[in-house]
Amino acid sequence: MRYDNFAEIEHKWQAKWLMEKPYAAVTGDARPKFYALVEFPYPSAQGLHVGHPRPYTGMDIISRKRRKEGFNVLFPMGWDAFGLPTENYAIKHKIHPAIVTAENVKQFRKQLQMLGFGFDWDREVDTTDPHFYKWTQWIFLQMFKNGLAYRAEMPVNWCTSCKCVLANEEVVDGVCERCSSEVVRKNKSQWMLKITAYAQRLLDDLADVDYIDRVRAQQTNWIGRSEGMEVDFATTEGDTLRVFTTRPDTLFGATYMVVSPEHGLLEKWMPSLANAEEVREYQSQAAKKSDFERTEMAKDKTGVRLQGVSAINPVTGEEIPIFISDYVLITYGTGAIMAVPGHDERDWAFAKKFGLPIVEVIAGGNVDEAAYTNTDTGVVINSGFLDGLSVEDAKVRVGQWLEEKGLGEKRVNFKLRDWVFSRQRYWGEPIPIVLCEKCGHVALPESELPLLLPEVENYETTDTGESPLAAMTEWISTTCPQCGGPAKRETDTMPQWAGSSWYYLRYLDPKNAEALVGKPAMDYWHQVDWYNGGMEHTTLHLLYSRFWHKFLYDIGVVPTKEPYAKRTSHGMILAEDGEKMSKSRGNVVNPNDIVDEFGADTFRLYIMFMGDFEKAAPWSSQAVKGCKRFLDRVWNLMETKVPGDESFSPEHEVLLHQTIKKVGEDIDSLKFNTAIAALMTLTNTFSETKPSRGDIKVFLSLLSPFAPHIAEELWEIQGFAGTAMGTPWPQYDSAKLVASELEIAVQVGGKLRATVVIPLDAAEAEVLEIVRQNEKMQRNLEGMEIAKIIYVKNKLMNLILRPAGN
RNA sequence: GCCGGUGUGGCGGAACAGGUAGACGCCCGGGACUUAAAAUCCCGUGGGACUAACGUCCCGUGCCGGUUCGAUCCCGGCCACCGGCACCA
């Protein structure tokens, strides 16, 4: 019989699980705790897509194994529901985003339950729920009070036709995604969060967490710490032009300087510039460029030389030209650089283009051909008192010299920038701040939280680029909490990243009205043990939430410095054609179709079996069948009760122990594909020699994390005690992992020539004797003598031969 | 341009830590069952040469070289593809 009544069986168990709540996490339980987390989804109108369940299934399998190992597991789910698509849908269909969200959430929840995930549904959170965002606002207020939230002028993308602020995502090829009109950069005063204050700690504490290498590397590079010096250059206008450099050792080679188009000194110099017009034109061109264009990897360097102002190289005393160019960014360092074309590739390219002198100050390369950037072996030349020093020594020496003269100081710089926290949008958390004419920006009292989103007529940004909330005159007008005078509410809202920066904490105590998390829950769970999520969230979400967590640690809300003890990542599921699945390409696979045709267990097995969990893998509608056939075979073998005791059959004993070991280790290292392959291998041998009752029991116990419905059904049919999911994870006996005899390879000069069967752990002499008896080897050995034997126990014997008798 | 990753049969992918390359699955071919088909079960399945056959040998993990008794794995140099990017001084 095939396993064709899967729909009925899966519904039966899902209904039972909803009733009996076997996945409920118990705060304060005596068992050791294990908090498994997956990134909560954005509930879009399209519903669940086959990409979502891949990480959920992976962590579900791990959670189920941990439960069987005796852990009190917390595996929660929720909704990251604020955001653009819902807002755009609301604008288009004139439906309140809250209603759209509720419908989408309902659909997502139903689909997730259909897949049999062991989420604790009593802990569901929703970032758009005022009971939740009350605490998002609360955290913002604490940051404001601690000086981590501040106002700054920042450029935004402005669509000249829609007259609204666009997210980077809405700017496609420099034009508005919706109307294809020109997008320009416009400065706007915005709320910023000072993540840079935590840069060093975000970097240092990576040492204390278990993140996979590529996540750690990406975070490290994003934070981008570099040690160098700030050096002051005098100018012919009598100012000081300060630069940051990591290579003060090359100071003698600095033949020109470059400032960013936004540099503050430019305005002051303007009257002295012979080509002020040209400079202004360059500035306005640079300002027009979107972030995307400006950072696009221009092959050609552009720039304008300032005519009438130059700088003095402090060590050579030479006058050197100053340029303005957009390859220098105002947001990094001091917004100005000293250019050393001999030893920096970008400076070299720029110098070649503008015909500037290139001076070699580190020996070892040929600066006429290319910049020489090797710092390890180079020796300093053409550099006065630095001549003959290594790069490293020269850095120290010139540093001392600059410090003595008061011309420079040591400085650590980070690439990491502060976080622009304002959005001119409706569907986000209102920022709980009022602007008082007398007192300035004032925090709302905590007693007034949550500050609810008001009902508005229109969800679109206003013509002036303000949030839709700006049109709510009644809501805006308020009184200052500090002086009681007239004041206005902040009308910007928070970005989608806000709620997701702390949601994992709310799962610990989701219904607490008095605190973000109550003390008992915080003390018991304290940290996520294992967080799996996409690589695309490595630099933004993951870093933002680490930042918020550290802040909460500093103000005594959480007991740990880091939110996640362990972070792993999964690969994307691609469409059958190897391309990304997307609605526009029309290649999206809907999980509902697969579940209808094959069942949830087959679906779960396939997305885990399809390839390496950590790498991208294309969908195959053909290959799904293989997993269904596997379950058919399992069903066929076990659908009638097998009598007997619960011991292993002698024929399968070794393989069973091997499989227990393999499946267990593979789950813990995310190798779900090979774990399933091992279960398939076991099933194949069961087809040859029927499994005993004991064999079946262990098999179902191993299968249950992957395919929980069929495992429970067969468990019930066999009449085993309890449930498959509740039965302890099987243990293997190391002594029984290997048979008494095994086959090893015999090589001659490293090439396979034969295989022989030897007793386990046989000694070299014994194996050699067996090899000499082997017919094939006798042919190989004829007329030869053995010069050398390499024997690897239980693996192979490699013989090095030479002609006999010489 | 920079950073990160990946290249293994017709396909998805295995191969602990340098030790029998291709587990497991898909596709495909042959057979059994069937009036027939589907489903199922059994057998075969990296390429090539030789053999009536049992078999035997050669080649083979993107390319070129190196280390080693032995390399998909380590080292050097290329090529291709994928992903990310904030030209980071």
Side-chain angles (χ1 to χ4, degrees), chain A residues 1-2 4 213-215 217-218 220-222 224-226 228 243-247 250 254 257-258 291-292 294-299 301 325-329 331-340 343-347 349-350 413-417 535-536 538-539 571-572 574 578 580 605-606 609-612 614-627 629-630 632-633 636 662 665 669 671 673-681 683-684 687 743-755 776 779 787-801:
Chain A
M1 271 286 284
R2 292 204 314 169
D4 282 334
D213 290 345
R214 61 191 205 275
V215 169
Q218 212 167 306
T220 304
N221 291 343
W222 192 261
R225 184 181 196 275
S226 61
V243 301
F244 172 71
T245 178
T246 54
R247 298 293 308 277
T250 61
M257 305 189 75
V258 186
D291 265 6
F292 181 83
R294 184 158 163 184
T295 59
E296 203 175 25
M297 314 319 152
K299 312 289 174 270
K301 301 276 176 269
S325 175
D326 64 5
Y327 83 91
V328 173
L329 304 178
T331 48
Y332 184 77
T334 62
I337 62 160
M338 66 176 211
V340 184
H343 307 282
D344 180 279
E345 284 169 26
R346 277 161 312 137
D347 296 345
F350 192 89
N413 249 329
F414 295 93
K415 286 188 209 172
L416 186 68
R417 297 182 195 167
M535 279 309 286
E536 69 274 23
T538 303
T539 48
M572 219 186 311
L574 304 172
K580 241 185 205 176
L605 278 169
Y606 176 63
F609 182 66
M610 65 192 299
D612 183 339
E614 304 194 69
K615 291 186 196 140
W619 183 265
S620 162
S621 48
Q622 285 295 326
V624 185
K625 289 181 196 162
C627 291
R629 282 181 199 143
F630 165 60
D632 285 341
R633 228 166 284 159
N636 196 33
K662 173 126 188 91
E665 289 174 355
S669 53
K671 300 205 167 291
N673 52 340
T674 49
I676 293 167
L679 291 173
M680 288 173 167
T681 303
T683 309
N684 291 346
S687 298
E743 191 188 67
I744 66 160
V746 184
Q747 300 179 332
V748 174
K751 291 206 171 205
L752 182 70
R753 282 295 176 264
T755 57
K776 260 179 111 171
R779 281 203 300 273
K788 191 177 175 187
I789 300 173
I790 294 119
Y791 175 56
V792 183
K793 199 164 100 179
N794 298 331
K795 279 277 181 197
L796 62 66
M797 175 167 277
N798 185 13
L799 304 176
I800 312 304
L801 304 181

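Chain naming here is simple, since letters A, B, ... match the order of the sequence lines and numbering starts at 1 in each.
Using P as the reference atom, A71(B) and G62(B) are 15 Å apart when rounded to the nearest Å. Comparing the same atom, C1', in U72(B) and in U8(B) gives a spacing of 7 Å after rounding to whole Å. Here, G7(B) and C78(B) have their C1' atoms 14 Å apart, quoted to the whole Å. Taking the C1' atom of each, G65(B) and G10(B) are spaced 31 Å apart, rounded to whole Å. Only the C1' atoms considered, G48(B) is 38 Å distant from G83(B), to the nearest whole Å. Straight-line distance between the P atoms of C54(B) and C69(B): roughly 38 Å, to the nearest whole Å. Between U67(B) and G44(B), the two P atoms lie 42 Å apart (nearest whole Å). Across the C1' atoms, G77(B) and G70(B) are found 24 Å apart, a figure rounded to whole Å.
The Asn684(A) side chain lies nearest to G25(B) when the options are A23(B), C88(B), G25(B). Nearest nucleotide to the Lys625(A) side chain, out of G25(B), C87(B), C27(B): C27(B). Closest to the Ala677(A) side chain, of the nucleotides G25(B), C24(B), A89(B), is C24(B). When distances are taken from the side chain of Lys751(A) to each of C59(B), C88(B), C27(B), the shortest belongs to C59(B).
The base-pairing partner of C50(B), taking Watson-Crick or G-U wobble contacts with both distances under 3.5 Å, is G55(B). Pairing of C41(B), defined by two Watson-Crick or G-U wobble distances under 3.5 Å, is identified with G31(B). With both pairing distances under 3.5 Å, A86(B) is matched to nothing as a Watson-Crick or G-U wobble pair. With a cut-off of 3.5 Å on both pairing distances, U68(B) has no Watson-Crick or G-U wobble partner at all. For U20(B), there is no paired base (Watson-Crick or G-U wobble, both distances below 3.5 Å).
Side chain of Asn798(A) to backbone of Val746(A): no donor-acceptor contact under 3.5 angstrom is found. Side chain of Tyr606(A) to backbone of Ser620(A): a donor-acceptor contact under 3.5 angstrom is found. Listed for the Asp347(A) side chain is a donor-acceptor partner under 3.5 Å among the backbone atoms of Val340(A).
In this structure, the CZ atom of Arg225(A) is 23 Å from the P atom of A86(B), given to the nearest Å. The CG atom of Asp632(A) sits 14 Å away from the P atom of G25(B) (whole-angstrom rounding). With rounding to whole Å, Asn221(A) atom CG is found 10 Å from G5(B) atom P. Here the P atom of nucleotide A89(B) and the NZ atom of Lys415(A) are 7 Å apart, to the nearest Å. Separating the CG atom of Asn636(A) from the P atom of U40(B) is a distance of 11 Å, rounded to the nearest angstrom. Atom-to-atom, CZ of Phe414(A) to C1' of A89(B) comes out at 16 Å; the value is rounded to the nearest Å. For the pair Phe630(A) CZ and C24(B) P, the interatomic distance rounds to 13 Å; values are reported in whole Å. Residue Trp222(A) contributes atom CH2, which lies 13 Å from atom C1' of C2(B) at whole-angstrom precision.
The phosphate of C27(B) (OP1 or OP2) has a side-chain N or O of Arg629(A) nearer than 4.0 angstrom. Look at Gln622(A) and you'll find a side-chain N or O under 4.0 angstrom from OP1 or OP2 of C27(B).
Distance check: Ile800(A) CD1 to Gln747(A) CD gives 8.5 Å after rounding to the nearest 0.5 Å. Distance check, rounded to the nearest 0.5 Å: OG1 of Thr681(A) to CD1 of Ile676(A) gives 12.0 Å. From Thr245(A), atom OG1 reaches atom CG of Asn413(A) across 10.5 Å, with rounding to the nearest 0.5 Å. Here the CG atom belonging to Leu799(A) is positioned 12.0 Å from the NZ atom belonging to Lys788(A), to the nearest 0.5 angstrom. Rounded to the nearest 0.5 Å, atoms CG (Leu329(A)) and NZ (Lys415(A)) are 11.5 Å apart. With values rounded to the nearest 0.5 angstrom, Ile337(A) atom CD1 is found 12.0 Å from Phe244(A) atom CZ.
Within 4.0 Å of Asn413(A), counting heavy atoms only, lies no atom of the nucleic acid at all. Residue contacts for Gly749(A): at a heavy-atom cut-off of 4.0 Å it reaches the sugar-phosphate backbone alone, with no base atom in range. Residue-level contact check: Ile789(A) touches neither bases nor backbone, having no heavy atom under 4.0 Å from any strand.
For G9(B), the glycosidic angle deviates from 0 by 90° or less, giving a syn base.
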Original post:
What one-letter contact string describes nucleotides 8-21 of chain B from 5' to 3', where B marks a base within less than 4.0 Å of any protein heavy atom, S marks contact via sugar-phosphate atoms alone, and - marks no contact?
Top reply: ----BSS-B--BB-

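Between Thr246(A) and Arg214(A), the residue anchored nearer the 5' end of RNA chain B, judged by the nucleotide with its closest heavy atom, is Arg214(A). With the nearest nucleotide of RNA chain B identified for both Lys776(A) and Tyr332(A), Lys776(A) has the one nearer the 5' end.
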Subject >> Residue pair Thr538(A), Trp222(A): steps toward the side-chain contact (heavy atoms from CB on, under 4.5 Å) verdict >> reply: CA-CA 9 Å; Thr538(A) 303; Trp222(A) 192 261; over 6 Å; no

